[in-house]
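Only one structure is covered here, and it is reproduced in the block below.
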Amino acid sequence: MTEPYIRPLWDEYFMNIMQAVSTRATCDRGRSGCVIVRDKHILTTGYVGSPPGLPHCDEVGHQMKTTIHEDGHQTQHCVRTTHAEQNAIIQAARIGVALEGATLYCRMTPCATCARSIIGAGIKHVICEKRYHAGEESEKMFEQVGIKLDFMTAETQNYAKQ
């Protein structure tokens, strides 16, 4: 007897699409993708990549910057590319799609800059595959403004030199 096919739940479905979108990413430090949805319809997608016309990490290497934090510890970040969440929001602006009340699916807790963009765009729910090791500030901002934040797994994403 054949096992009955079980359709993925909506969150699983959109997270699978986010995984497919992430395959277009051009920085190997975070091949992330993003899907923004409202009423079970995809509004826009984005992936980690440089703005149009600028070189990608996969072509010319990383553009690393060091950040010195208040407690004195240092972290390194690649700043050549735009994050998946930002690119999805930018795409919505380019094609004239409002994101008010939408749900955003992404690889990990958005960084603080992306979190501010998500808040400003009116997105009301963020679903992440896993936590970002430096995502506490974003989690606090989302809580403060009433954005629902969910994680599909208990995993945490870490990067070298952070």
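Just so you know, residue 1 is the first one in the sequence shown, and it goes up from there. Only heavy atoms go into these numbers, but all of them, side chains included; no hydrogens, no water, no symmetry mates. Treat the numbers as computed from the prediction; the structure is a model and nothing was measured.
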Derivation of the salt bridge (Lys or Arg N to Asp or Glu O under 4.0 Å) call for R80 and D58: CA-CA 10 Å; R80 183 174 306 287; D58 289 348; over 6 Å; no
Neighbour count above 12 (heavy atom, 6.0 Å) for E143 CD: no
Within 6.0 Å of CD in E136, more than 12 heavy atoms from elsewhere: no
Flag side-chain contact, heavy atom, 4.5 Å: P110 against C128: yes
Nearest-0.5 Å distance that lies between atom NE2 in H56 and atom OG1 in T81: 9.5 Å
Derivation of the side-chain contact (heavy atoms from CB on, under 4.5 Å) call for T45 and Q91: CA-CA 7 Å; T45 66; Q91 183 65 24; over 6 Å; no
Neighbour count >12 (heavy atoms, 6.0 Å) for atom CD, E59: yes
Worked check of side-chain contact (heavy atoms from CB on, under 4.5 Å) between I147 and I118: CA-CA 9 Å; I147 291 178; I118 290 165; 4.2 Å; yes
Verify same cluster id: L149, I119 (apolar side-chain graph, 4.5 Å): yes
Beyond-backbone contact of S50 with T82, side-chain heavy atoms, under 4.5 angstrom: no
Side-chain donor-acceptor pair present, R107, S22, cut-off under 3.5 Å: yes
Co-members of M15 in a cluster of I, L, V, M, F, W and Y side chains, linked at under 4.5 Å: W10, Y13, F14, I17, M18, V21, V35, V37, I42, Y47, Y105, I127, M152
Note, N87 side chain near C34 side chain (heavy atom, < 4.5 Å): no
Intermediate values then yes/no, side-chain contact (heavy atoms from CB on, under 4.5 Å), L99 and T44: CA-CA 9 Å; L99 301 177; T44 186; 4.3 Å; yes
E137 and R116 ion-paired at < 4.0 Å: yes
Step-by-step side chain to side chain donor-acceptor pair (under 3.5 Å) determination, R31 to T23: CA-CA 7 Å; R31 293 204 192 276; T23 65; over 6 Å; no
Atom of C78, atom of C27 and distance for their closest heavy-atom approach: SG-SG, 4.0 Å
Any residue meeting salt bridge (Lys or Arg N to Asp or Glu O under 4.0 Å) with K65, in chain and number order, not counting sequence neighbours: none
Audit row: H73, D71, side chain to side chain donor-acceptor pair (under 3.5 Å) steps and yes/no: CA-CA 6 Å; H73 85 278; D71 64 3; 2.5 Å; yes
Hphob cluster co-occupancy, I89 + M108, side-chain heavy atoms under 4.5 angstrom: no
Test side-chain contact (heavy atoms from CB on, under 4.5 Å) applied to T156 and K130, step by step: CA-CA 6 Å; T156 298; K130 52 189 154 185; over 6 Å; no
E139/R131 salt bridge by N-O under 4.0 Å criterion: yes
pair H125-D150: side-chain heavy atoms closer than 4.5 Å: yes
Shortest non-hydrogen separation from G33 to A84 and the atoms involved: C-CB, 3.6 Å
Distance-only polar pair, side chains of Q157 and E129, donor-acceptor under 3.5 Å: no
Neighbour count above 12 (heavy atom, 6.0 Å) for R24 CZ: no
Smallest separation among heavy atoms of I36 and A88, with atom names: CD1-CB, 3.7 Å
Hydrophobic cluster identity match, L43 and I90, side-chain contacts under 4.5 Å: no
Same apolar cluster (I L V M F W Y, side chains within < 4.5 Å links), L104/I95: yes
